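Contents: one structure, followed by commentary.
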Amino acid sequence: MARWPGGTPERLQEAAIDLFTERGYERTTVAEIAKHAGLTERTFYNHFADKREVLFSGQDLFIAGVRDALGSAPAEQSPLDAIRAVLTADSDWFDQRRNVAQRRRNILDAHPDLREREWAKLAALAAAITSALRARGVPDPAAPLTAAVSVTAYHSAAARWLADPQHGTFGQHLHASFDDLHRTARTW
């Protein structure tokens with residue numbers, strides 16, 4: 001059997017996206033995902049709690065990484081500039097996975113329960129950013145407000161990136177979203 005690129009979670013996610021696209025989310029089982037990835041159902045459950053979670057592979061690590069990077073951001077950076085720098089630092093990783101991201105987005109858009117899970121992950125990202133901002137000395141209510149607005153800018157950038165017919169980079173769209181945010185803040 002040929003070796004798949006990436007680790008086991010990536011293999012399972014790719015297999016799930018293939019099957020969800022081909023057969024539909026509802027008609028695909030965990031056993032079928034595992035088999036398609038050349039793995040066992042037990043291996044699937046070693047990595048994911050359920051088939052919904054396979055679409056959010058790595059997000060907990062991403063969230064922890066954002067929190068940690070904000071904690072070590074230069075003190076002289078404004079909160080928004082620090083968040084922008086952290087979110088754009090590895091944006092090329094997303095560009096390398098654009099096709100998978102687009103297929104995943106199509107699946108999420110077609111299923112309200114998956115969008116609900118996505119919003120829960122975005123709320124966890126906002127909570128992590130809020131925590132990091134508080135640790136930097138940003139008081140409430142500014143810390144959760146800044147986090148919420150930043151996550152909205154991030155989510156907006158992702159939507160614009162996937163819809164961009166020119167295939168601009170995710171980093172370009174992140175910068176554009178944060179530029180829009182800065183302009184709006186100065187205008188009002």
Side-chain angles (χ1 to χ4, degrees), residues 6-7 9-10 12-13 16-17 47-75 77-98 100-109 111-164 168-182 184-185:
E10 293 85 4
L12 289 165
Q13 184 180 50
I17 289 172
H47 294 277
F48 303 106
D50 57 38
K51 74 177 183 179
R52 291 179 302 170
E53 199 62 30
V54 74
L55 291 169
F56 301 94
S57 177
Q59 288 202 349
D60 292 337
L61 289 174
F62 172 73
I63 290 167
V66 168
R67 184 193 59 239
D68 294 347
L70 277 174
S72 61
Q77 262 184 330
S78 74
L80 277 177
D81 288 341
I83 295 166
R84 177 201 295 234
V86 166
L87 291 176
T88 58
D90 293 320
S91 60
D92 60 330
W93 183 90
F94 291 96
D95 291 323
Q96 295 167 11
R97 291 155 181 80
R98 183 187 198 106
V100 170
Q102 184 61 64
R103 294 171 66 211
R104 176 184 172 274
R105 177 82 262 150
N106 293 341
I107 294 163
L108 295 179
D109 286 346
H111 297 88
D113 61 319
L114 296 175
R115 287 194 308 272
E116 182 178 314
R117 178 72 62 105
E118 178 183 33
W119 284 106
K121 295 293 184 178
L122 291 171
L125 176 60
I129 292 171
T130 299
S131 175
L133 292 176
R134 286 178 179 143
R136 287 175 56 101
V138 178
D140 284 341
L145 176 61
T146 303
V149 169
S150 296
V151 169
T152 299
Y154 170 80
H155 191 255
S156 173
R160 290 169 24 172
W161 170 63
L162 290 174
D164 182 1
T169 68
F170 187 52
Q172 290 169 327
H173 287 286
L174 278 168
H175 283 295
S177 285
F178 276 88
D179 288 346
D180 290 345
L181 184 57
H182 278 288
T184 301

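None of the values given here were measured: they were computed from a predicted structure.
- Scanning for ring pair (Phe, Tyr, Trp, His ring centres under 6.0 Å) contacts around His47 gives an empty result, with sequence neighbours left out.
- Using a 4.5 Å heavy-atom threshold, the side chains of Leu87 and Phe178 count as touching.
- Arg105 has a carboxylate O that lies under 4.0 Å from a charged side-chain N of Glu118, or vice versa, which qualifies the two as a salt bridge.
- A salt bridge between Glu53 and Lys121 is present, with a side-chain N of the basic residue lying under 4.0 Å from a carboxylate O of the acidic one.
- Using cut-offs of 30° and 60° on the angle between ring planes, the pair Phe94 and Trp161 is perpendicular.
- At least one donor-acceptor pair under 3.5 Å links the side chain of Thr152 to the backbone N or O of Ala148.
- By the side-chain hydrogen bond (donor to acceptor under 3.5 Å, both in side chains) test, His175 is found to be paired with Arg84, residues two or more places apart in sequence or in another chain being considered.
- Annotation: the span from Ile17 atom CD1 to Gln13 atom CD amounts to 4.5 Å, rounded to 0.5 Å.
- By the 6.0 Å and 45° rule, Arg104 stacks over the aromatic ring of Phe56.
- We find the OG-CG distance between Ser150 and Leu145 to be 9.0 Å, quoted to the nearest 0.5 Å.
- With sequence neighbours excluded, the residues satisfying ring pair (Phe, Tyr, Trp, His ring centres under 6.0 Å) with Trp119 are His155.
- A side-chain contact (heavy atoms from CB on, under 4.5 Å) with Pro144 is found for one member of Thr130, Val149, Val138, Leu133 and no other, namely Thr130.
- Atoms CZ and NE2, on Arg160 and His173 in that order, are 7.0 Å from each other to the nearest 0.5 Å.
- Annotation for Gln102: atom CD counts as buried by contact number, over 12 foreign heavy atoms lying within 6.0 Å.
- When the shell of 6.0 Å around CG of Asp68 is examined, it contains more than 12 heavy atoms from other residues, nucleotides or ligands.
- Looking at Thr88 and Phe170, their side chains never come closer than 4.5 Å, going by heavy atoms from C-beta outward.
- With Ser72 contributing its side chain and Ala69 its backbone, the two residues share a donor-acceptor pair below 3.5 Å.
- A salt bridge is absent between Asp92 and Arg97: the closest approach of a Lys/Arg side-chain nitrogen to an acidic carboxylate oxygen does not fall below 4.0 angstrom.
- Put simply, CG on Leu174 and CD1 on Ile83 are 12.0 Å apart, with the number rounded to the nearest 0.5 Å.
- Atom CZ of residue Arg136 and atom CD1 of residue Ile129 lie 12.0 Å apart, to the nearest 0.5 angstrom.
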Problem - Criterion salt bridge (Lys or Arg N to Asp or Glu O under 4.0 Å) on Arg117 and Asp50, from CA distance to verdict - result: CA-CA 12 Å; Arg117 178 72 62 105; Asp50 57 38; 3.3 Å; yes
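- Taking CG from Leu108 and CG from Leu55, the interatomic distance works out to 6.0 Å, rounded to the nearest 0.5 Å.
- Under the 4.0 Å criterion applied to side-chain N and carboxylate O atoms, Arg115 and Asp109 are not assigned as salt-bridge partners.
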